[in-house]
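What follows is a set of notes on a single structure, which appears directly below.
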Amino acid sequence: MLLDLVNEFGKAFFETFWMMSIAVLFAVLVGVPLGIALFVTREGMFFENRFVQQVAGTIVNIIRSIPFIILLVVLIPFTKLILGTSMGPTAASVSLTVAAIPFYARLVEASLREIDRGVIEAAESCGASPWLIMKDVLLPEAKPGMIAGLTVTIISLLSYSAMAGIVGGGGIGDLAIRFGYYRFQNDVMLITVIILIILVQLIQFIGDRLAKAASKK
Amino acid sequence: MIRLEGITKQYKNTTAVHDISLTIGKGEIFGIIGYSGAGKSTLVRCLNLLERPTKGKIFVGGEEITALSDRDIRKKRQEIGMIFQHFHLISAKTVFDNVAFSLKAAGIPKEERNARVPELLEMVGLADKAKAYPAQLSGGQKQRVAIARALANNPKVLLCDEATSALDPTTTDAILQLLKEINRTLGITIVLITHEMEVVQKICDRVAVMEAGKIVELGTVYDVFSGPEHPLTKEFVQSVHSFSLPERLLESRKGTIAKITFKGDSAESPIISETLAKFSITINILHGQITYINDKPLGTLIIEAIGSRQEIEAAIRFIAARTKQLEVLADVA
(Lines give C-alpha, C1' and ligand atoms only; values in the text may rest on other atoms or scores of the structure.)
Protein backbone atom coordinates (compact mmCIF):
# COMPACT_ATOMS: atom_id res chain seq x y z
CA MET A 1 0.00 0.00 0.00
CA LEU A 2 2.73 2.47 1.07
CA LEU A 3 4.96 1.27 -1.74
CA ASP A 4 2.12 1.82 -4.19
CA LEU A 5 1.73 5.35 -2.98
CA VAL A 6 5.46 6.04 -3.27
CA ASN A 7 5.30 4.70 -6.80
CA GLU A 8 2.32 6.93 -7.56
CA PHE A 9 4.23 9.94 -6.28
CA GLY A 10 7.29 9.05 -8.33
CA LYS A 11 5.21 8.66 -11.46
CA ALA A 12 3.28 11.87 -10.80
CA PHE A 13 6.48 13.76 -10.18
CA PHE A 14 7.97 12.58 -13.45
CA GLU A 15 4.78 13.41 -15.37
CA THR A 16 4.72 16.95 -13.98
CA PHE A 17 8.39 17.36 -14.76
CA TRP A 18 7.87 16.10 -18.32
CA MET A 19 4.86 18.29 -19.08
CA MET A 20 6.45 21.37 -17.63
CA SER A 21 9.81 20.84 -19.36
CA ILE A 22 8.16 20.75 -22.77
CA ALA A 23 6.00 23.79 -22.04
CA VAL A 24 8.87 25.82 -20.58
CA LEU A 25 11.15 24.90 -23.47
CA PHE A 26 8.64 26.20 -26.00
CA ALA A 27 7.72 29.18 -23.86
CA VAL A 28 11.35 30.27 -24.14
CA LEU A 29 11.87 29.26 -27.78
CA VAL A 30 8.69 30.98 -29.00
CA GLY A 31 7.83 33.39 -26.19
CA VAL A 32 11.15 35.28 -26.26
CA PRO A 33 11.06 36.06 -30.01
CA LEU A 34 7.36 36.88 -29.74
CA GLY A 35 7.99 39.19 -26.79
CA ILE A 36 10.79 40.91 -28.71
CA ALA A 37 8.51 41.23 -31.75
CA LEU A 38 5.82 42.82 -29.60
CA PHE A 39 8.40 45.27 -28.27
CA VAL A 40 10.23 46.30 -31.44
CA THR A 41 7.01 46.90 -33.36
CA ARG A 42 5.81 49.38 -30.76
CA GLU A 43 5.40 53.00 -31.64
CA GLY A 44 8.75 54.77 -31.88
CA MET A 45 10.77 51.57 -32.09
CA PHE A 46 12.85 50.61 -35.09
CA PHE A 47 10.37 48.09 -36.52
CA GLU A 48 7.31 50.15 -35.68
CA ASN A 49 4.35 48.33 -37.22
CA ARG A 50 0.83 48.92 -36.06
CA PHE A 51 -0.55 45.92 -37.91
CA VAL A 52 1.82 43.33 -36.44
CA GLN A 53 1.54 44.99 -33.05
CA GLN A 54 -2.25 44.77 -33.03
CA VAL A 55 -2.66 41.33 -34.57
CA ALA A 56 -0.01 39.71 -32.36
CA GLY A 57 -1.23 41.64 -29.35
CA THR A 58 -4.83 40.56 -29.89
CA ILE A 59 -3.97 36.88 -30.37
CA VAL A 60 -1.85 36.95 -27.23
CA ASN A 61 -4.69 38.58 -25.30
CA ILE A 62 -7.31 36.12 -26.57
CA ILE A 63 -5.28 33.07 -25.54
CA ARG A 64 -4.54 34.64 -22.20
CA SER A 65 -8.19 35.30 -21.51
CA ILE A 66 -9.29 31.68 -21.98
CA PRO A 67 -9.37 29.76 -18.66
CA PHE A 68 -6.81 26.98 -18.81
CA ILE A 69 -9.30 24.20 -18.21
CA ILE A 70 -11.28 25.30 -21.27
CA LEU A 71 -8.12 25.69 -23.35
CA LEU A 72 -7.28 22.12 -22.41
CA VAL A 73 -10.57 20.85 -23.84
CA VAL A 74 -10.68 23.16 -26.87
CA LEU A 75 -7.23 22.01 -27.90
CA ILE A 76 -8.04 18.27 -27.88
CA PRO A 77 -8.55 18.06 -31.69
CA PHE A 78 -5.36 20.04 -32.28
CA THR A 79 -3.39 17.81 -29.93
CA LYS A 80 -4.75 14.73 -31.70
CA LEU A 81 -3.69 16.21 -35.02
CA ILE A 82 -0.07 16.77 -34.06
CA LEU A 83 0.48 13.88 -31.63
CA GLY A 84 -2.03 11.29 -32.82
CA THR A 85 -3.43 11.07 -29.30
CA SER A 86 -5.10 13.45 -26.89
CA MET A 87 -4.27 11.49 -23.74
CA GLY A 88 -1.26 11.39 -21.46
CA PRO A 89 1.29 13.91 -20.16
CA THR A 90 2.74 14.72 -23.59
CA ALA A 91 -0.74 15.55 -24.84
CA ALA A 92 -1.34 17.75 -21.79
CA SER A 93 1.90 19.56 -22.49
CA VAL A 94 0.43 20.86 -25.76
CA SER A 95 -2.15 23.00 -23.99
CA LEU A 96 0.36 23.98 -21.31
CA THR A 97 2.66 25.17 -24.10
CA VAL A 98 -0.11 27.12 -25.81
CA ALA A 99 -0.91 28.81 -22.51
CA ALA A 100 2.72 29.41 -21.60
CA ILE A 101 3.87 31.09 -24.82
CA PRO A 102 1.67 34.22 -24.74
CA PHE A 103 2.00 34.41 -20.96
CA TYR A 104 5.78 34.51 -21.15
CA ALA A 105 5.82 36.67 -24.29
CA ARG A 106 4.00 39.43 -22.38
CA LEU A 107 6.44 39.18 -19.49
CA VAL A 108 9.38 39.36 -21.92
CA GLU A 109 7.82 42.43 -23.53
CA ALA A 110 7.32 43.99 -20.10
CA SER A 111 10.96 43.46 -19.14
CA LEU A 112 12.09 44.97 -22.45
CA ARG A 113 9.95 48.01 -21.73
CA GLU A 114 11.88 48.48 -18.51
CA ILE A 115 15.02 49.26 -20.49
CA ASP A 116 15.92 52.94 -20.55
CA ARG A 117 14.98 54.28 -23.99
CA GLY A 118 18.20 56.28 -23.93
CA VAL A 119 20.35 53.15 -23.91
CA ILE A 120 18.68 51.99 -27.13
CA GLU A 121 19.13 55.45 -28.64
CA ALA A 122 22.79 55.50 -27.69
CA ALA A 123 23.20 52.17 -29.46
CA GLU A 124 21.44 53.61 -32.51
CA SER A 125 23.75 56.63 -32.42
CA CYS A 126 26.69 54.21 -32.70
CA GLY A 127 25.25 53.10 -36.03
CA ALA A 128 24.21 49.67 -34.73
CA SER A 129 21.75 47.63 -36.78
CA PRO A 130 18.42 46.59 -35.24
CA TRP A 131 19.70 43.03 -35.13
CA LEU A 132 22.80 43.97 -33.16
CA ILE A 133 20.71 46.11 -30.82
CA MET A 134 18.40 43.18 -30.13
CA LYS A 135 21.28 40.80 -29.50
CA ASP A 136 23.69 43.08 -27.63
CA VAL A 137 21.43 45.59 -25.93
CA LEU A 138 17.86 44.36 -25.54
CA LEU A 139 18.55 40.76 -24.53
CA PRO A 140 21.40 41.43 -22.06
CA GLU A 141 19.59 44.40 -20.50
CA ALA A 142 16.31 42.51 -20.13
CA LYS A 143 17.90 39.27 -18.95
CA PRO A 144 17.24 39.68 -15.22
CA GLY A 145 13.62 40.61 -15.92
CA MET A 146 13.24 37.72 -18.32
CA ILE A 147 14.55 35.27 -15.72
CA ALA A 148 12.16 36.66 -13.13
CA GLY A 149 9.36 36.36 -15.68
CA LEU A 150 10.26 32.77 -16.43
CA THR A 151 10.07 31.99 -12.72
CA VAL A 152 6.54 33.36 -12.61
CA THR A 153 5.66 31.40 -15.74
CA ILE A 154 6.96 28.11 -14.34
CA ILE A 155 5.04 28.54 -11.11
CA SER A 156 1.83 29.34 -13.00
CA LEU A 157 2.37 26.29 -15.20
CA LEU A 158 2.81 24.15 -12.12
CA SER A 159 -0.62 25.19 -10.96
CA TYR A 160 -2.14 24.78 -14.45
CA SER A 161 -0.65 21.30 -14.68
CA ALA A 162 -2.94 20.18 -11.85
CA MET A 163 -5.79 20.30 -14.36
CA ALA A 164 -3.96 18.04 -16.79
CA GLY A 165 -5.82 15.11 -15.25
CA ILE A 166 -8.81 16.04 -17.44
CA VAL A 167 -6.93 14.64 -20.43
CA GLY A 168 -5.18 11.91 -18.48
CA GLY A 169 -2.03 13.95 -18.16
CA GLY A 170 -1.30 12.91 -14.61
CA GLY A 171 1.17 14.80 -12.47
CA ILE A 172 1.36 15.89 -8.83
CA GLY A 173 -1.68 18.14 -8.88
CA ASP A 174 -3.75 15.40 -10.50
CA LEU A 175 -2.65 13.01 -7.79
CA ALA A 176 -3.90 15.42 -5.16
CA ILE A 177 -7.27 15.68 -6.89
CA ARG A 178 -7.73 11.93 -7.58
CA PHE A 179 -6.61 10.55 -4.23
CA GLY A 180 -7.08 13.44 -1.92
CA TYR A 181 -10.23 15.02 -3.25
CA TYR A 182 -12.23 12.21 -4.91
CA ARG A 183 -11.20 9.44 -2.50
CA PHE A 184 -11.11 11.58 0.65
CA GLN A 185 -7.53 10.52 1.38
CA ASN A 186 -6.66 13.71 3.21
CA ASP A 187 -3.14 12.53 4.04
CA VAL A 188 -2.32 12.15 0.33
CA MET A 189 -3.77 15.54 -0.43
CA LEU A 190 -1.77 17.08 2.39
CA ILE A 191 1.47 15.52 1.25
CA THR A 192 1.01 16.61 -2.37
CA VAL A 193 0.15 20.13 -1.29
CA ILE A 194 3.26 20.22 0.89
CA ILE A 195 5.33 18.94 -2.02
CA LEU A 196 3.86 21.65 -4.23
CA ILE A 197 4.62 24.33 -1.66
CA ILE A 198 8.21 23.16 -1.40
CA LEU A 199 8.50 23.04 -5.19
CA VAL A 200 7.19 26.59 -5.62
CA GLN A 201 9.52 27.88 -2.90
CA LEU A 202 12.44 26.14 -4.55
CA ILE A 203 11.64 27.47 -8.03
CA GLN A 204 11.21 31.00 -6.69
CA PHE A 205 14.45 30.78 -4.74
CA ILE A 206 16.45 29.55 -7.73
CA GLY A 207 14.78 32.11 -10.02
CA ASP A 208 15.60 34.99 -7.69
CA ARG A 209 19.18 33.84 -7.38
CA LEU A 210 19.65 33.59 -11.14
CA ALA A 211 17.98 36.96 -11.78
CA LYS A 212 20.23 38.58 -9.22
CA ALA A 213 23.34 37.01 -10.72
CA ALA A 214 22.33 38.25 -14.18
CA SER A 215 21.77 41.82 -13.00
CA LYS A 216 24.87 44.00 -13.07
CA LYS A 217 23.09 47.05 -11.75
CA MET B 1 31.53 70.38 -41.61
CA ILE B 2 27.87 70.64 -40.64
CA ARG B 3 25.32 72.72 -42.49
CA LEU B 4 21.68 73.08 -41.59
CA GLU B 5 19.23 74.55 -44.06
CA GLY B 6 15.87 75.58 -42.76
CA ILE B 7 15.51 72.85 -40.15
CA THR B 8 12.07 72.61 -38.63
CA LYS B 9 10.90 69.87 -36.28
CA GLN B 10 7.25 69.68 -35.45
CA TYR B 11 5.51 67.39 -33.04
CA LYS B 12 1.77 66.98 -32.96
CA ASN B 13 0.94 70.47 -31.76
CA THR B 14 4.29 72.00 -30.95
CA THR B 15 7.18 73.22 -33.02
CA ALA B 16 10.38 72.27 -31.20
CA VAL B 17 12.77 73.70 -33.78
CA HIS B 18 11.74 76.52 -36.04
CA ASP B 19 13.48 77.11 -39.38
CA ILE B 20 17.10 77.03 -38.23
CA SER B 21 19.95 77.50 -40.68
CA LEU B 22 23.45 77.17 -39.38
CA THR B 23 26.97 76.32 -40.49
CA ILE B 24 29.49 74.76 -38.14
CA GLY B 25 33.11 74.72 -39.26
CA LYS B 26 35.55 71.83 -39.21
CA GLY B 27 37.41 71.46 -35.92
CA GLU B 28 35.18 73.95 -34.17
CA ILE B 29 33.70 73.54 -30.69
CA PHE B 30 30.25 74.92 -31.17
CA GLY B 31 27.96 75.49 -28.21
CA ILE B 32 24.20 75.70 -28.23
CA ILE B 33 22.81 77.16 -25.04
CA GLY B 34 19.22 77.56 -23.91
CA TYR B 35 16.84 76.68 -21.13
CA SER B 36 15.10 73.32 -21.16
CA GLY B 37 12.36 73.25 -23.75
CA ALA B 38 14.20 75.68 -26.02
CA GLY B 39 14.59 72.94 -28.64
CA LYS B 40 18.35 72.61 -28.40
CA SER B 41 18.25 68.92 -27.61
CA THR B 42 15.88 68.24 -30.51
CA LEU B 43 18.19 70.21 -32.78
CA VAL B 44 21.29 68.23 -31.83
CA ARG B 45 19.40 64.95 -32.16
CA CYS B 46 18.55 65.93 -35.71
CA LEU B 47 22.26 66.03 -36.52
CA ASN B 48 22.50 62.23 -36.45
CA LEU B 49 18.84 61.75 -37.32
CA LEU B 50 17.85 60.25 -33.97
CA GLU B 51 15.13 62.79 -34.66
CA ARG B 52 14.04 63.35 -38.24
CA PRO B 53 13.44 66.99 -39.08
CA THR B 54 9.99 67.76 -40.48
CA LYS B 55 11.49 70.18 -42.97
CA GLY B 56 14.95 71.19 -44.13
CA LYS B 57 18.25 69.65 -45.11
CA ILE B 58 21.24 68.64 -43.04
CA PHE B 59 24.72 68.19 -44.50
CA VAL B 60 27.49 66.49 -42.57
CA GLY B 61 30.92 66.39 -44.21
CA GLY B 62 29.40 67.57 -47.48
CA GLU B 63 26.86 64.76 -47.63
CA GLU B 64 23.14 65.40 -47.27
CA ILE B 65 22.20 63.01 -44.45
CA THR B 66 18.52 63.85 -44.66
CA ALA B 67 18.51 62.16 -48.07
CA LEU B 68 20.13 58.90 -46.95
CA SER B 69 18.46 55.50 -46.63
CA ASP B 70 18.22 53.87 -43.18
CA ARG B 71 21.16 51.61 -43.96
CA ASP B 72 23.33 54.52 -45.10
CA ILE B 73 22.33 56.57 -42.07
CA ARG B 74 23.64 53.79 -39.84
CA LYS B 75 26.93 53.92 -41.68
CA LYS B 76 27.03 57.70 -41.50
CA ARG B 77 26.41 57.59 -37.74
CA GLN B 78 29.79 55.94 -37.34
CA GLU B 79 31.21 59.33 -38.38
CA ILE B 80 29.06 61.13 -35.81
CA GLY B 81 29.69 60.10 -32.21
CA MET B 82 27.30 61.13 -29.49
CA ILE B 83 27.36 61.35 -25.71
CA PHE B 84 24.45 61.98 -23.37
CA GLN B 85 23.60 63.53 -20.04
CA HIS B 86 22.85 60.17 -18.46
CA PHE B 87 25.62 58.27 -20.28
CA HIS B 88 23.32 55.50 -21.50
CA LEU B 89 25.79 52.65 -21.17
CA ILE B 90 24.69 49.02 -21.46
CA SER B 91 24.48 48.08 -17.78
CA ALA B 92 24.81 44.33 -18.43
CA LYS B 93 28.10 44.73 -20.29
CA THR B 94 31.58 45.51 -19.05
CA VAL B 95 33.36 48.75 -19.88
CA PHE B 96 35.36 46.85 -22.49
CA ASP B 97 32.25 45.42 -24.16
CA ASN B 98 30.46 48.76 -24.10
CA VAL B 99 33.27 50.31 -26.12
CA ALA B 100 33.61 47.22 -28.30
CA PHE B 101 29.89 47.48 -29.11
CA SER B 102 30.50 50.57 -31.19
CA LEU B 103 33.21 48.77 -33.17
CA LYS B 104 30.93 45.77 -33.58
CA ALA B 105 28.29 48.08 -35.01
CA ALA B 106 30.84 49.14 -37.61
CA GLY B 107 31.59 45.53 -38.49
CA ILE B 108 35.15 45.57 -37.13
CA PRO B 109 36.44 41.98 -36.64
CA LYS B 110 37.09 40.69 -33.16
CA GLU B 111 40.90 40.81 -33.21
CA GLU B 112 40.90 44.43 -34.26
CA ARG B 113 38.32 45.23 -31.61
CA ASN B 114 40.47 43.61 -28.95
CA ALA B 115 43.38 45.78 -30.01
CA ARG B 116 41.46 49.01 -30.40
CA VAL B 117 39.40 49.01 -27.17
CA PRO B 118 42.42 49.24 -24.81
CA GLU B 119 43.75 52.16 -26.88
CA LEU B 120 40.46 54.00 -26.49
CA LEU B 121 40.26 53.28 -22.76
CA GLU B 122 43.83 54.51 -22.42
CA MET B 123 42.86 57.75 -24.17
CA VAL B 124 40.03 58.48 -21.73
CA GLY B 125 42.12 57.40 -18.73
CA LEU B 126 40.25 54.22 -17.84
CA ALA B 127 42.73 51.55 -18.89
CA ASP B 128 42.33 49.77 -15.54
CA LYS B 129 38.52 49.63 -15.64
CA ALA B 130 38.07 47.39 -18.68
CA LYS B 131 36.46 44.59 -16.69
CA ALA B 132 34.24 46.76 -14.48
CA TYR B 133 30.50 47.12 -15.00
CA PRO B 134 28.98 50.60 -15.38
CA ALA B 135 27.28 50.36 -11.97
CA GLN B 136 30.72 50.17 -10.37
CA LEU B 137 31.85 53.47 -11.89
CA SER B 138 31.42 57.10 -10.86
CA GLY B 139 29.50 59.52 -13.09
CA GLY B 140 32.67 61.00 -14.54
CA GLN B 141 34.04 57.54 -15.31
CA LYS B 142 30.78 56.53 -16.99
CA GLN B 143 30.95 59.59 -19.20
CA ARG B 144 34.54 58.68 -20.09
CA VAL B 145 33.38 55.24 -21.18
CA ALA B 146 30.64 56.89 -23.24
CA ILE B 147 33.25 59.15 -24.84
CA ALA B 148 35.44 56.15 -25.67
CA ARG B 149 32.42 54.45 -27.22
CA ALA B 150 31.53 57.55 -29.22
CA LEU B 151 35.10 57.92 -30.51
CA ALA B 152 35.65 54.25 -31.31
CA ASN B 153 35.06 54.57 -35.04
CA ASN B 154 37.14 57.73 -35.49
CA PRO B 155 34.19 60.06 -36.02
CA LYS B 156 34.52 63.50 -37.58
CA VAL B 157 31.87 64.98 -35.33
CA LEU B 158 31.06 64.51 -31.66
CA LEU B 159 27.62 65.55 -30.40
CA CYS B 160 27.32 66.25 -26.69
CA ASP B 161 23.78 66.41 -25.33
CA GLU B 162 24.09 68.02 -21.88
CA ALA B 163 27.10 65.80 -21.36
CA THR B 164 28.20 67.45 -18.12
CA SER B 165 24.83 68.37 -16.63
CA ALA B 166 24.69 65.32 -14.37
CA LEU B 167 28.23 65.79 -13.07
CA ASP B 168 29.64 67.76 -10.17
CA PRO B 169 31.75 70.87 -10.95
CA THR B 170 35.15 69.20 -10.57
CA THR B 171 34.17 66.26 -12.77
CA THR B 172 32.59 68.67 -15.26
CA ASP B 173 35.90 70.47 -15.59
CA ALA B 174 37.77 67.21 -16.12
CA ILE B 175 35.33 66.06 -18.82
CA LEU B 176 35.45 69.47 -20.56
CA GLN B 177 39.23 69.28 -20.46
CA LEU B 178 39.08 65.86 -22.07
CA LEU B 179 36.71 67.12 -24.78
CA LYS B 180 39.00 70.03 -25.54
CA GLU B 181 41.96 67.70 -25.75
CA ILE B 182 40.06 65.42 -28.13
CA ASN B 183 39.13 68.42 -30.25
CA ARG B 184 42.75 69.56 -30.42
CA THR B 185 44.53 66.28 -30.94
CA LEU B 186 42.03 64.53 -33.18
CA GLY B 187 40.56 67.58 -34.90
CA ILE B 188 37.02 66.41 -34.18
CA THR B 189 34.25 68.98 -34.57
CA ILE B 190 32.24 69.16 -31.36
CA VAL B 191 28.66 70.33 -31.05
CA LEU B 192 27.72 70.82 -27.45
CA ILE B 193 24.33 71.46 -25.91
CA THR B 194 24.15 72.96 -22.47
CA HIS B 195 22.19 75.22 -20.17
CA GLU B 196 25.31 76.31 -18.33
CA MET B 197 27.13 79.37 -19.61
CA GLU B 198 30.24 78.25 -17.75
CA VAL B 199 30.56 75.26 -20.06
CA VAL B 200 30.35 77.54 -23.09
CA GLN B 201 32.88 79.90 -21.60
CA LYS B 202 35.33 77.13 -20.85
CA ILE B 203 35.57 75.32 -24.14
CA CYS B 204 33.44 76.71 -26.96
CA ASP B 205 34.69 78.75 -29.88
CA ARG B 206 31.27 79.93 -31.00
CA VAL B 207 27.89 79.83 -29.36
CA ALA B 208 24.27 79.98 -30.46
CA VAL B 209 21.64 81.03 -27.96
CA MET B 210 18.31 79.30 -28.44
CA GLU B 211 14.85 80.25 -27.29
CA ALA B 212 11.50 78.78 -28.36
CA GLY B 213 13.01 76.80 -31.23
CA LYS B 214 14.93 79.70 -32.71
CA ILE B 215 18.49 80.98 -32.53
CA VAL B 216 18.29 84.43 -31.00
CA GLU B 217 21.98 85.22 -30.96
CA LEU B 218 25.05 83.72 -32.56
CA GLY B 219 28.69 84.67 -32.42
CA THR B 220 32.11 83.91 -31.07
CA VAL B 221 32.03 83.24 -27.36
CA TYR B 222 34.22 86.28 -26.75
CA ASP B 223 31.88 88.60 -28.64
CA VAL B 224 28.80 87.20 -27.01
CA PHE B 225 30.35 87.59 -23.57
CA SER B 226 31.66 91.08 -24.13
CA GLY B 227 28.58 92.45 -25.85
CA PRO B 228 25.47 90.33 -25.39
CA GLU B 229 22.50 91.79 -27.22
CA HIS B 230 19.44 89.63 -26.66
CA PRO B 231 17.97 89.76 -23.15
CA LEU B 232 18.32 85.99 -22.82
CA THR B 233 21.98 86.16 -23.79
CA LYS B 234 22.51 88.88 -21.22
CA GLU B 235 20.92 86.63 -18.63
CA PHE B 236 23.24 83.77 -19.49
CA VAL B 237 26.31 86.00 -19.49
CA GLN B 238 25.29 87.42 -16.13
CA SER B 239 25.06 83.91 -14.74
CA VAL B 240 28.85 83.64 -14.84
CA HIS B 241 29.88 87.25 -15.17
CA SER B 242 27.55 89.05 -12.83
CA PHE B 243 27.77 92.51 -11.33
CA SER B 244 24.93 93.40 -9.15
CA LEU B 245 25.60 96.12 -6.68
CA PRO B 246 23.73 96.27 -3.42
CA GLU B 247 20.98 98.94 -3.41
CA ARG B 248 22.64 100.54 -0.40
CA LEU B 249 25.75 101.39 -2.42
CA LEU B 250 23.75 103.09 -5.16
CA GLU B 251 21.75 105.11 -2.68
CA SER B 252 24.63 106.34 -0.60
CA ARG B 253 26.82 107.22 -3.59
CA LYS B 254 28.78 110.44 -3.60
CA GLY B 255 29.78 110.45 -7.26
CA THR B 256 28.91 108.85 -10.59
CA ILE B 257 28.82 105.08 -10.80
CA ALA B 258 29.89 103.59 -14.12
CA LYS B 259 30.45 100.10 -15.46
CA ILE B 260 33.43 99.78 -17.76
CA THR B 261 34.01 96.77 -19.96
CA PHE B 262 37.55 96.18 -21.13
CA LYS B 263 37.95 94.10 -24.23
CA GLY B 264 41.11 92.62 -25.70
CA ASP B 265 44.07 95.00 -25.50
CA SER B 266 42.31 97.64 -23.46
CA ALA B 267 42.00 95.12 -20.66
CA GLU B 268 45.76 95.09 -20.30
CA SER B 269 46.48 98.84 -20.45
CA PRO B 270 46.49 101.02 -17.30
CA ILE B 271 43.48 103.19 -18.12
CA ILE B 272 42.50 103.92 -14.54
CA SER B 273 45.92 105.24 -13.56
CA GLU B 274 46.02 107.40 -16.69
CA THR B 275 42.64 108.85 -15.84
CA LEU B 276 43.65 109.64 -12.29
CA ALA B 277 46.79 111.39 -13.49
CA LYS B 278 44.86 113.49 -16.00
CA PHE B 279 41.78 114.56 -14.05
CA SER B 280 41.35 115.80 -10.55
CA ILE B 281 38.93 113.18 -9.34
CA THR B 282 39.16 110.19 -7.06
CA ILE B 283 38.04 106.78 -8.16
CA ASN B 284 36.55 104.24 -5.85
CA ILE B 285 36.47 100.67 -7.20
CA LEU B 286 33.23 98.95 -6.21
CA HIS B 287 33.46 95.72 -8.19
CA GLY B 288 35.84 94.17 -10.68
CA GLN B 289 36.60 90.98 -12.55
CA ILE B 290 38.76 89.80 -15.40
CA THR B 291 37.69 86.63 -17.21
CA TYR B 292 39.76 84.88 -19.83
CA ILE B 293 37.82 83.51 -22.76
CA ASN B 294 39.81 81.59 -25.36
CA ASP B 295 42.87 83.16 -23.70
CA LYS B 296 41.62 86.69 -24.38
CA PRO B 297 40.97 88.86 -21.35
CA LEU B 298 37.55 90.37 -20.74
CA GLY B 299 37.46 92.77 -17.83
CA THR B 300 34.62 94.49 -16.09
CA LEU B 301 35.00 97.21 -13.50
CA ILE B 302 32.44 99.20 -11.62
CA ILE B 303 33.80 102.49 -10.34
CA GLU B 304 32.55 105.47 -8.45
CA ALA B 305 34.07 108.73 -9.71
CA ILE B 306 34.06 111.48 -7.09
CA GLY B 307 34.90 115.11 -7.80
CA SER B 308 33.42 118.13 -9.57
CA ARG B 309 30.70 117.37 -12.11
CA GLN B 310 32.81 118.83 -14.91
CA GLU B 311 35.87 116.77 -14.15
CA ILE B 312 33.79 113.59 -13.79
CA GLU B 313 32.14 114.07 -17.16
CA ALA B 314 35.47 114.71 -18.86
CA ALA B 315 37.01 111.67 -17.19
CA ILE B 316 34.13 109.47 -18.26
CA ARG B 317 34.40 110.65 -21.85
CA PHE B 318 38.13 109.89 -21.69
CA ILE B 319 37.56 106.35 -20.43
CA ALA B 320 34.69 105.73 -22.82
CA ALA B 321 36.86 106.70 -25.80
CA ARG B 322 39.52 104.21 -24.79
CA THR B 323 37.43 101.25 -23.80
CA LYS B 324 34.52 101.61 -26.25
CA GLN B 325 32.18 100.31 -23.58
CA LEU B 326 31.11 102.36 -20.64
CA GLU B 327 27.74 102.39 -19.06
CA VAL B 328 26.74 104.97 -16.48
CA LEU B 329 24.71 103.15 -13.87
CA ALA B 330 23.91 106.15 -11.65
CA ASP B 331 24.73 109.80 -12.08
CA VAL B 332 26.14 112.03 -9.40
CA ALA B 333 23.60 112.52 -6.67
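Residue numbers begin at 1 in each chain, while the letters A, B, ... track the order of the sequences.
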Can you tell which of A:Ala123, A:Ala214, A:Pro144, A:Ser215 has the highest number of heavy-atom pairs within less than 4.5 Å of chain B? A:Ala123
Evaluate whether atom [atom1] of [X] has more than 12 neighbouring non-hydrogen atoms of other residues, nucleotides or ligands under 6.0 angstrom away.
X	atom1	answer
A:Phe9	CZ	yes
A:Phe17	CZ	no
B:Glu122	CD	no
A:Arg64	CZ	yes
A:Arg117	CZ	yes
B:Lys180	NZ	yes
A:Phe26	CZ	no
A:Phe51	CZ	no

Apply the side-chain contact (heavy atoms from CB on, under 4.5 Å) test between A:Ser125 and each candidate in B:Arg45, B:Gln78, B:Met82; give the one that qualifies. B:Met82
From B:Leu50, B:Leu49, B:Ile73, B:Asn48, residue fulfilling side-chain contact (heavy atoms from CB on, under 4.5 Å) relative to A:Glu124: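 One option only clears the test, and that one is B:Leu50.
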Which heavy atom of [X] sits nearest a heavy atom of [Y], and at what distance?
X	Y	result
B:Ala135	A:Lys217	CB-C, 3.7 Å
A:Pro140	B:Ala92	O-CB, 3.4 Å
A:Val119	B:Leu89	CG2-O, 3.7 Å

Go through B:Lys76, B:His86, B:Lys104 and name the one with the most non-hydrogen pairs under 4.5 angstrom from chain A.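 Option with the top pair count is B:Lys104.
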A:Asp116 versus chain B, heavy atoms under 4.5 Å apart: side chain, backbone, both or neither?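 Looking at A:Asp116, just its side chain touches chain B.
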How far apart are the C-alpha atoms of A:Phe46 and B:Asp70, what are their side-chain angles, what is the distance that settles it, and do they pass the side-chain contact (heavy atoms from CB on, under 4.5 Å) test? CA-CA 10 Å; A:Phe46 39 78; B:Asp70 280 358; over 6 Å; no
Stepwise side-chain contact (heavy atoms from CB on, under 4.5 Å) test for A:Val137 and B:Lys93: CA-CA 9 Å; A:Val137 182; B:Lys93 284 185 182 283; over 6 Å; no
Take B:Ser91 and A:Lys216, measure what side-chain contact (heavy atoms from CB on, under 4.5 Å) needs, and give me the verdict at the end. CA-CA 6 Å; B:Ser91 69; A:Lys216 305 294 179 194; 5.6 Å; no
Using the rule given for side-chain contact (heavy atoms from CB on, under 4.5 Å), can you reason through A:Cys126 versus B:Arg77, listing the C-alpha separation, both sets of side-chain angles and the distance that settles it, and then say yes or no? CA-CA 6 Å; A:Cys126 291; B:Arg77 279 178 183 155; over 6 Å; no
Is chain A contacted by the side chain of B:Tyr133, its backbone, both, or neither, given a heavy-atom distance below 4.5 Å?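 Side chain only.
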